[in-house]
2 protein chains.
Amino acid sequence: MARRRAPGFEIQREQILAEAALLFAQRGYASTSMNEVAERCGVSKPALYHYFKDKNELLAFICEEHLARLKAVVLEVEALGLDPEPAIRLMIRRFVEEYADAQNEHRVLTEDVKFLASEDRTRVLEGERFIVRALAAAVARMRPDLDAAGLVKPLTMLLFGMINWMFTWFKSGRRVTHAAMAPIVADLFFGGLGAVVETAPLALESEGDKDGSSRCGLDR
Amino acid sequence: MARRRAPGFEIQREQILAEAALLFAQRGYASTSMNEVAERCGVSKPALYHYFKDKNELLAFICEEHLARLKAVVLEVEALGLDPEPAIRLMIRRFVEEYADAQNEHRVLTEDVKFLASEDRTRVLEGERFIVRALAAAVARMRPDLDAAGLVKPLTMLLFGMINWMFTWFKSGRRVTHAAMAPIVADLFFGGLGAVVETAPLALESEGDKDGSSRCGLDR
DNA sequence: CCTACCGATCGGTAGG
DNA sequence: CCTACCGATCGGTAGG
């Protein structure tokens, strides 16, 4: 019969994941050693291997738990049944809040995915695509004309560029800071959508595909 | 008297840098071995160390040559003496073209700067700040009201987010593809600027600093 | 003495 | 859960 897990097992796991995310974000996954992770967590290396079977599992948990929170945001906002623009504004705000609370995890997700074992990497990239599809669908509902022009996916990715890139330059600071950026991003995006539609179809006239699938992939 | 260098020396250096940039972009700097770089270039490892004194120098050259081209773009556009909006539009277009021609180098610059020796890293980050300052100055000239509200630097960084993030999702394809994205980014940015000014000062009213220096750093 | 390399191996350290 | 290790591979350099 399997023995019960110690009550602090899950808590210890989460603490280790947080410390590992910090180290991976600072030094990169490949150049962080399991010795460093163990030392930072105040546990022996064999103890570390008690909580996670190998270095890849550490990386996979960091990425997947962060991604699970982002997916939950999408599902919660969709459940409210808002119109497209307020729904997208709320998602932007919730994403920025989530990133602010998990800056290390976010950096690991964006920079270290390439080090994941291929099955884990596939699952993580599919999770990212789920989130992008949700945003893109809301943009398409709001502006069917842009959808018809094949511009929704590229524009959605530009929106992700703004918010994903924020945490490479934002000084880690007070929460109000991050909160203030969300409406600015949203205003820039919605204000800019009106200007895009006039010139873009001209620029793309030589392209044959309407859905833009040959122009951009939503994965890497 | 120093002997002349073999005529192919510089050509060989550039070929090695291009191959190293590809490997670093694909696998990350830390997990690419000098053996792999040498093998990919078809030279022995001692020969590789003949062209570059160590692994860090390889990384430093990749980053600094790419950055030098971006700085050259800034200086060339500034020399034209255009009005702010056409100047920024042209810079966006030239940046996108430059990124399209140097996708590996661009990815190395954005993801592997943390592995540079500290003196090299300092110089590279100063080069990045030069480019950001040039863009931000043009935005400020165009919209002094946004400058007074302390929003120019954050907005400039959102613009960089759009174009820097493009090459994490864009499928490597035909040149026309990248060229078509530049005016879309510019339209989204300029179209959005008008919408930002109305609501942002409200969102930031509790902040005390006018220049936004406590809110965002333009380095990492 | 120099350069432009080669085959072989150095001292240390990685993940496990 | 510890000390003590392993197979392998790391960045860099020896002699010729």
Side-chain angles (χ1 to χ4, degrees), chain A residues 2-13 15-17 19-24 26-63 108 112 114-121, chain B residues 1-17 19-24 26-63 108 112 114-121:
Chain A
R3 226 176 81 175
R4 299 182 64 104
R5 253 160 187 170
F9 187 87
E10 286 299 335
I11 294 168
Q12 180 73 294
R13 267 175 91 99
Q15 287 172 343
I16 292 170
L17 286 175
E19 294 294 341
L22 174 65
L23 287 169
F24 293 169
Q26 285 176 343
R27 313 176 189 204
Y29 172 77
S31 46
T32 301
S33 73
M34 290 297 266
N35 273 320
E36 289 173 303
V37 175
E39 191 178 7
R40 181 71 68 105
C41 296
V43 300
S44 68
K45 194 157 58 162
L48 175 56
Y49 277 91
H50 171 66
Y51 292 101
F52 298 93
K53 73 179 246 274
D54 56 22
K55 200 184 178 189
N56 178 75
E57 194 178 87
L58 220 43
L59 179 59
F61 270 78
I62 291 167
C63 292
V108 171
D112 294 332
K114 59 177 170 291
F115 298 114
L116 276 172
S118 63
E119 325 85 64
D120 295 317
R121 193 174 56 245
Chain B
M1 214 202 295
R3 222 176 88 174
R4 303 182 60 102
R5 252 158 185 169
F9 187 87
E10 286 299 334
I11 294 168
Q12 180 74 296
R13 266 175 92 98
E14 291 307 316
Q15 287 173 343
I16 291 170
L17 285 175
E19 294 294 341
L22 175 65
L23 287 169
F24 293 168
Q26 284 176 344
R27 312 176 190 204
Y29 172 77
S31 46
T32 301
S33 72
M34 290 297 267
N35 275 318
E36 289 173 305
V37 176
E39 190 178 8
R40 182 71 68 105
C41 296
V43 300
S44 69
K45 193 156 56 160
L48 175 57
Y49 277 91
H50 169 70
Y51 293 101
F52 298 93
K53 74 178 247 276
D54 57 22
K55 201 184 177 187
N56 177 74
E57 194 177 89
L58 220 42
L59 179 59
F61 269 78
I62 291 167
C63 292
V108 171
D112 293 332
K114 59 178 171 289
F115 298 114
L116 276 173
S118 63
E119 327 83 67
D120 297 317
R121 194 175 55 246

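A, B, ... follow the sequence lines: proteins, then strands. Residue 1 opens every chain.
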Can a side chain N or O of [X] be found less than 4.0 Å away from OP1 or OP2 on [N]?
{"X": "B:His50", "N": "C:dC5", "answer": "no"}
{"X": "B:Tyr51", "N": "C:dC5", "answer": "yes"}
{"X": "B:Ser44", "N": "C:dC5", "answer": "no"}

Using modelled atom types only, decide if a donor and an acceptor are shared between the side chain of A:Arg40 and the backbone of A:Ala20 within a distance under 3.5 Å.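 Not at all, since once roles are kept as given, no pair shorter than 3.5 Å links the two residues.
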
Listed nucleotide nearest any side-chain atom of [X], set [options]:
{"X": "B:Ser33", "options": "D:dG11, D:dC1, C:dG16", "value": "D:dG11"}
{"X": "A:Tyr49", "options": "D:dG11, D:dC1, C:dG15", "value": "C:dG15"}
{"X": "B:Pro46", "options": "C:dG16, D:dG12, D:dT13", "value": "D:dT13"}
{"X": "A:Met34", "options": "D:dG11, C:dG16, D:dT3", "value": "C:dG16"}
{"X": "B:Ala47", "options": "D:dG11, C:dC5, C:dA4", "value": "C:dC5"}

Would you mind reading off the distance between [X] atom [atom1] and [N] atom [atom2], rounded to a whole angstrom?
{"X": "B:Asn35", "N": "D:dT9", "atom1": "CG", "atom2": "C1'", "result": "9 Å"}
{"X": "A:Phe52", "N": "C:dG15", "atom1": "CZ", "atom2": "P", "result": "16 Å"}
{"X": "A:Glu36", "N": "C:dT13", "atom1": "CD", "atom2": "P", "result": "12 Å"}
{"X": "B:Phe9", "N": "C:dA4", "atom1": "CZ", "atom2": "P", "result": "7 Å"}
{"X": "A:Phe24", "N": "C:dG15", "atom1": "CZ", "atom2": "P", "result": "9 Å"}
{"X": "B:Leu48", "N": "C:dC5", "atom1": "CG", "atom2": "C1'", "result": "12 Å"}
{"X": "A:Lys45", "N": "D:dC5", "atom1": "NZ", "atom2": "P", "result": "15 Å"}
{"X": "A:Leu59", "N": "C:dG15", "atom1": "CG", "atom2": "P", "result": "13 Å"}

For [X] and [Y], which heavy atoms make the closest approach, and how far apart are they?
{"X": "B:Leu58", "Y": "B:Met34", "result": "CD2-SD, 3.9 Å"}
{"X": "A:Phe115", "Y": "B:Gly28", "result": "CZ-CA, 4.3 Å"}
{"X": "A:Lys114", "Y": "B:Gln26", "result": "CD-O, 3.4 Å"}

Checking only heavy atoms, does the side chain of A:Lys55 share a donor-acceptor pair with the base of C:dG16 at less than 3.5 Å?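 Per atom types, no contact qualifies.
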
Against B:Val108, only a single residue in B:Ile62, B:Leu22, B:Leu23 fulfils side-chain contact (heavy atoms from CB on, under 4.5 Å); can you say which?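 Result for side-chain contact (heavy atoms from CB on, under 4.5 Å) with B:Val108: B:Ile62.
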
Side chains of [X] and [Y] in contact at under 4.5 Å (non-hydrogen atoms):
{"X": "B:His50", "Y": "B:Phe9", "value": "yes"}
{"X": "A:Val43", "Y": "A:Gln12", "value": "yes"}
{"X": "A:Leu116", "Y": "A:Tyr29", "value": "no"}

Given the rule that a pair is Watson-Crick or G-U wobble with both distances under 3.5 Å, how would you write DNA chain D in dot-bracket, using | for pairs to a different strand? ....||...||.|.|.

Checking all strands, does B:Ser31 fall into the base, sugar-phosphate, or nothing category for heavy-atom contacts under 4.0 angstrom? nothing

Could you measure between the two P atoms, the one in D:dG12 and the one in C:dA8, and give it in whole Å? 22 Å

